[in-house]
K.L.:
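Input: one structure, supplied below.
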Amino acid sequence: MATSPPPLLKQPVKLACIQLASGPSKPTNLTHAASKVREAALTGAKIIVLPECFNSPYGCDYFPSYAEPLLPSPPPLETSPSFHALSAMARNNNIYLIGGSIPELVVSLTDPSSKTYYNTSLTFSPSGELLATHRKVHLFDIDIPGKITFKESDVLSPGDKVTVVDLPEYGKVGIAICYDVRFPELAMIAARQGCFALIYPGAFNTTTGPMHWRLLGQARAVDNQVYVALCSPARDVGASYHAWGHSSISDPMAQVLVEADENETIVSADLDGGRIEEARKGIPLRDQRRFDVYPDVSKAKVGP
Ligand SMILES: NC(=O)CCC(=O)C(=O)O
């Protein structure tokens, strides 16, 4: 007799996205993030997400000055204050924390003048242990004349892996950052590893946000029949980059369960594995793929 596969989401869980208002002071941003994580945890959220570049303004001019080393570095560089703050937020609240992203600095041990920067997301367990890092794979390089020109690759280097993290009580999640959401291959490879959700700390803007942000969340959900969470900073009209906001959580049928406006807020939803199964039973893509016509991406290499 055929046995049914284990559920992708082992038990229902509340997931919260914190649409954080950040400013130029990193210590203030870290303290503020900690208080909002506490607030989300008190509502029962067990998986909490922060936005892209949550501890700094977003922009190429800011990456080097806010960047922190996560790997061993030559003195006098200190270990990352954001790493320790995020670990404490997860531990103090007994939650899984997808810690948005921070600019990461890598300094060569042999040549301290050689510096590389990444846009990196850190995920922590409820005991404060680092479970995974994701370096943004697709850098945000766009030019829409008269609207927005942005070139992360002027400063940042790209990551080189698909990131899937196991949260033992619940199951697996795929993690990627902002512009990564535009690349369905990355999402599909993660989803086909058995993720119940794809989680994107992001910071779309007031040009591309209204065109594509919500659509992309729904698109990745419907492609993969999983939950999708998009977590943006709140909009700061005094900053050089105007984040779109509109953090959202879509379900496996691509219904938007909750969506913020542009202000600081917390959006959350109760995720239920039954909704994934129901979507997949009703529209059985998983049994209908044609690996005689195209390759099976579930064979691709992924990392924590
Ligand atoms: N921070 C980002 O990667 C922004 C991506 C974005 O706005 C887009 O349109 O894509």
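Only heavy atoms go into these numbers, but all of them, side chains included; no hydrogens, no water, no symmetry mates. We count ligands from 1, going down the list as the structure has it; atoms in each ligand are counted the same way. Throughout, numbering of the chain's residues begins at 1 and tracks the sequence.
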K.L.:
Quick one: nearest non-hydrogen protein atom to atom 2 (C) of ligand 1, plus distance?
P.N.:
C178 SG, 2.9 Å
K.L.:
Counting each atom of ligand 1 from 1 as listed, which ones have a heavy atom of T208 under 4.0 Å away?
P.N.:
6 (C), 7 (O), 8 (C), 9 (O)
K.L.:
May I ask you to decide if the ring planes of H246 and W244 are parallel, tilted or perpendicular, using 30° and 60° as cut-offs?
P.N.:
parallel
K.L.:
Does ligand 1 have any atom that is closer than 4.0 Å to a heavy atom of M211?
P.N.:
no
K.L.:
So is Y200 touching ligand 1 or not, going by heavy atoms under 4.0 Å?
P.N.:
no
K.L.:
Return the set of residues passing ring-ring contact (aromatic ring centres under 6.0 Å, His included) with F63 (not counting sequence neighbours), or none when no residue passes.
P.N.:
Y58
K.L.:
Among all the protein's non-hydrogen atoms, which is closest to atom 6 (C) of ligand 1, and how far away is it?
P.N.:
F140 CE1, 3.3 Å
K.L.:
Please list, in number order, the atoms of ligand 1 under 4.0 Å from a heavy atom of Y241.
P.N.:
4 (C), 7 (O)
K.L.:
Less than 6.0 angstrom separating the ring centers of F150 and Y241, yes or no?
P.N.:
yes
K.L.:
Output all residues satisfying salt bridge (charged side-chain N to carboxylate O under 4.0 Å, His left out) with E129, sequence neighbours left out; order by chain, then residue number.
P.N.:
none
K.L.:
Specify the protein heavy atom at minimum distance from atom 3 (O) of ligand 1: its residue, its atom name, and the distance to 0.1 Å.
P.N.:
K136 NZ, 2.7 Å
K.L.:
Would you check whether Y58 reaches within less than 4.0 Å of ligand 1, judged by its heavy atoms?
P.N.:
yes
K.L.:
Given E52, H138, R182, which has its nearest heavy atom closest to atom 1 (N) of ligand 1?
P.N.:
E52
K.L.:
Salt-bridge test for R286 and E277: reply yes if a basic N is under 4.0 Å from a carboxylate O, no otherwise.
P.N.:
yes
K.L.:
Looking at R192, R290, R289, which one forms a side-chain hydrogen bond (donor to acceptor under 3.5 Å, both in side chains) with D296?
P.N.:
R192
K.L.:
So does K46 pair up with E169, basic N to acidic O under 4.0 Å?
P.N.:
no
